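Quick notes on the structure that follows.
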Number of protein chains: 2
Amino acid sequence: MKGNELDRRVLKTRQAINEALFSLMEEKRYNKITIQDIIDRANVGRSTFYSHFATKDELLFSSVEDELEILNQYIKSYIEYDGEKPRVNSVMELFEHIQEDSKIVKGLFKTESADFFFEKVEIYWNHRLEEYLQSKLPLGKNPKVPIKILTNHISSTLINLLKWWVNNNMSYTPSQMDQYFRDLINPCIDSVFYNDSTKS
Amino acid sequence: MKGNELDRRVLKTRQAINEALFSLMEEKRYNKITIQDIIDRANVGRSTFYSHFATKDELLFSSVEDELEILNQYIKSYIEYDGEKPRVNSVMELFEHIQEDSKIVKGLFKTESADFFFEKVEIYWNHRLEEYLQSKLPLGKNPKVPIKILTNHISSTLINLLKWWVNNNMSYTPSQMDQYFRDLINPCIDSVFYNDSTKS
DNA sequence: ATTAAACTGAACAAAGTGTTCAGTAATGAA
DNA sequence: TTCATTACTGAACACTTTGTTCAGTTTAAT
């Protein structure tokens, strides 16, 4: 065992700890889970835990990194430009992914610390959206609402829909949720960019 | 001191504890504040604290109850019905209130536990909005998006705007923010109730 | 002055955190 | 198989925080 490749034992141990955390999150709130709970569930020594993670939050974040990467990827096919109007594209695959992966996600959505996760998702999405909308701004038009507020609105609407859906037993299909998302956002994009006559 | 009126000392003590918490929240995260911190700042004995509040969360919630009541009141003038279309009404006063009261609110918005607060606001607002929209549903029309999802969208959009605003140094006026809110929501209400032709 | 309620703060038990370290187990290389 | 290395174990420890208890003190109404 001299090679610089990671010992498989290490990965196995980390995964056991990881799974113990999410298993526990199905039973109680993240804040109430102790490190003792985790190492008992994972069958791992106390010092082993601390050799891998300095704090519980660090464990949570590391557990969630892959999920974060996946969600970030979805944003890339998130907007289309049909030559005339920017519109949000289908996010059905995102909802489908959440549905399949609901074990990790359900725990995460219950976590009080979930916000640190969604914050990261939102920051990435906002960045992408802003880049896109800025570059496609109709010349000579001033958006009725600042771009930063609009992008923030779009991201948080999607995240909010996801949360609502998960917390209401996913009682609509991914396809329906996708449609609802676009019904909520596209008229608003139209109005912000093109419709100067909307009274309010 | 036999009367059944509350001792003024009690109120004074509770207020001292209360103010200590919010004073501390300007300096560090709620999770990192210990009860020892609070009683030191409030100049109050340990057992006094526990005679008033069982936990730190209970203190936070009690501190925030008045604020909650105020925010709930704003929702009541939140929607108008002009005889033809339901539309969100001005929420400028809400933004103005937040601006004036920013001491308590800023601390609250930083709190990881803020969500328990906004959840309560959202539940109340959703309830009111749903009641309203249901009763005013245009006959013979089916909304494109379920009412519950729409109400949830409206509430969370407003809360999200508030959060964004506070976290970005309130760099727009309450009047502007009010306008942005309506620009984001009204086209979407129109579309959900009246426009069957929005392609997506 | 008397009295009842509120506050004080030290002492305590319990639970959790994070570190240390001597010992054990696993594994790749010789 | 043996050896060396690295990872894991778990008991012991110091430290922090929590929440309770209680004897004594302060406050203020009567």
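Everything numeric in this text was worked out from a predicted model, so none of it was measured. Each chain gets a letter, A, B and so on, in the order its sequence line appears, and its residues count up from 1.
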Item to check | Distance in Å, B/Leu184 CG paired with A/Ser191 OG, rounded so as to fall on 0.5 Å steps | outcome: 8.5 Å
Item to check | Terminal axes of the helix from C/dA1-D/dT30 to C/dA30-D/dT1 (five pairs each): angle between them, nearest 10 degrees | outcome: 10°
Next on the checklist: Just the rounded figure in Å: distance from C1' of C/dG16 to CG of A/Asn31.
Outcome noted: 14 Å
Check the interface with nucleotides 7-10 of chain C: list each N/O to N/O pair with the protein under 3.5 Å, or write none.
| residue | atom | partner | partner atom | Å |
| --- | --- | --- | --- | --- |
| C/dC7 | OP1 | B/Thr13 | OG1 | 2.6 |
| C/dC7 | OP2 | B/His52 | NE2 | 3.3 |
| C/dT8 | OP2 | B/Gly45 | N | 2.7 |
| C/dT8 | OP2 | B/Thr48 | OG1 | 2.8 |
| C/dG9 | N7 | B/Ser47 | OG | 3.1 |
| C/dG9 | O6 | B/Ser47 | OG | 2.2 |

Next on the checklist: Determine whether a donor-acceptor pair (N or O, by modelled atom type, separation under 3.5 Å) exists between the side chain of A/Lys120 and the backbone of A/Glu65.
Outcome noted: no
Checklist entry - What integer distance in Å separates B/Arg8:CZ from C/dA6:P? => result 14 Å
Checklist outcome for this item: Here the distance between atom C1' of C/dG16 and atom NZ of A/Lys32, to the nearest Å, is 13 Å
Checklist entry - Can you check the B/Ile35 CD1 to D/dT18 P distance for me, whole Å? => result 5 Å
Checklist entry - Hey, is the main chain of B/Gln15 close enough, under 3.5 Å, to the side chain of B/Asn18 for a donor-acceptor pair? => result no
Item to check | Gap between atoms CG and P, on A/Leu24 and C/dG16 respectively (whole Å) | outcome: 13 Å
Next on the checklist: Looking at A/Asn160 and A/Ser156, would you say the former's side chain and the latter's main chain have a donor-acceptor pair under 3.5 Å?
Outcome noted: no
Next on the checklist: Does B/Gln99 form a side chain to side chain contact (heavy atoms under 4.5 Å, CB included) with B/Thr173? I'd like the steps, not just the answer.
Outcome noted: CA-CA 9 Å; B/Gln99 198 170 46; B/Thr173 65; over 6 Å; no
Item to check | Joint hydrophobic cluster, A/Trp164 plus B/Ile189, side-chain heavy atoms closer than 4.5 Å | outcome: yes
Next on the checklist: Taking B/Ile123 as the starting point, is it possible to reach B/Val91 by hopping between hydrophobic residues whose side chains are less than 4.5 Å apart?
Outcome noted: no
Checklist entry - Rounded to whole angstrom units, what separation is found between the CG atom of A/Asp40 and the C1' atom of C/dA15? => result 14 Å
Next on the checklist: Just the rounded figure in Å: distance from P of D/dT17 to CD1 of B/Ile33.
Outcome noted: 13 Å
Checklist entry - Counting only side-chain N and O atoms of B/Tyr50, is one of them less than 4.0 Å from OP1 or OP2 of D/dT20? => result no
Next on the checklist: B/Thr151: which residues meet the side-chain contact (heavy atoms from CB on, under 4.5 Å) condition with it, sequence neighbours left out?
Outcome noted: B/Asn126, B/Leu129, B/Glu130, B/Leu133, B/Ile147
Item to check | Gap between atoms CD1 and P, on B/Ile39 and C/dA6 respectively (whole Å) | outcome: 19 Å
Next on the checklist: I need the single residue from A/Tyr172, A/Phe95, A/Tyr180 that forms a ring pair (Phe, Tyr, Trp, His ring centres under 6.0 Å) with A/Trp165. Which is it?
Outcome noted: A/Phe95
